[in-house]
Amino acid sequence: DAGVTQSPTHLIKTRGQQVTLRCSPISGHKSVSWYQQVLGQGPQFIFQYYEKEERGRGNFPDRFSARQFPNYSSELNVNALLLGDSALYLCASSPGGGIQETQYFGPGTRLLVL
Amino acid sequence: SQQGEEDPQALSIQEGENATMNCSYKTSINNLQWYRQNSGRGLVHLILIRSNEREKHSGRLRVTLDTSKKSSSLLITASRAADTASYFCATDARMDSSYKLIFGSGTRLLVRP
């Protein structure tokens, strides 16, 4: 079975631009979570979606938004990019809605903001 | 602030030796998980231990949990060069009506051949 997939793998943007990152969960998984990982640190929770509804939101500004589609894939949007948004963005899926469950991570999208 | 903090930040050992990493957290938890990350790629789940469990094994991995001290340890026995990676603990933290998963800053393990 295919694991969690993310696209694109790498992205370069300039300050003020907008970016959309995509994630496809493992087949049968209904929950998708997004994390931001800055170099040298652990992943920081951004959002969790379950059954197309937002389940949880971390301490990120409103420039960050996400949605989940009927096929359970998800998009993360970041507006008005700042240099500090440069990071590895990780998507994780799980079968149910509990964030305490084992999370299955994708390879990530590496975003560089210039 | 981080819920979980790993100790040490970095660890260098010889192949065949054991590696022990520790994690401390601040609030009560349902589960504690350990993940591995190779060279800034996606995280791989290693083991989940529930709050009512004290010890769990998986192959060469042994995890302990002490909820009274709010701490956990990950032991990798007979380490291999392929174990070189960053290791993170993750705990669930309640926020309003839901939970979020909080990762520590990680332990970078280097296993020398």
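Residue numbers start from 1 in every chain, and the chains themselves are labelled A, B, ... in the order their sequence lines are given, proteins ahead of strands. Below, each value reflects all heavy atoms present in this structure, side chains not excepted, and no hydrogens, waters or symmetry copies.
Not less than 6.0 angstrom separates the ring centroid of A/Phe60 from the ring centroid of A/Phe47. Here A/Phe45 and B/Phe103 keep their ring centres 6.0 angstrom or further from each other.
In this structure, no portion of B/Gln9 lies under 4.5 Å from any heavy atom of chain A. B/Leu48 touches chain A through its side chain: at least one heavy atom from C-beta onward sits under 4.5 Å away, while N, CA, C and O do not. Interface residue A/Gln103: backbone and side-chain heavy atoms are both found under 4.5 Å from chain B. Residue A/Tyr104: no heavy atom, backbone or side chain, is found under 4.5 Å from chain B.
In this structure, the separation between CD1 on A/Ile46 and SG on A/Cys91 is 10.0 Å, given to the nearest 0.5 Å.
Counting heavy-atom pairs closer than 4.5 Å to chain B, the top residue among A/Leu90, A/Leu39, A/Thr102 is A/Thr102.
Side-chain contact check for B/Tyr35 and B/Gln33: at least one donor-acceptor pair (N or O, by modelled atom type) lies under 3.5 Å.
Cluster annotation: A/Leu114 is not connected to A/Tyr89 through the hydrophobic network of ILVMFWY side chains, with a link wherever side-chain heavy atoms come within less than 4.5 Å.
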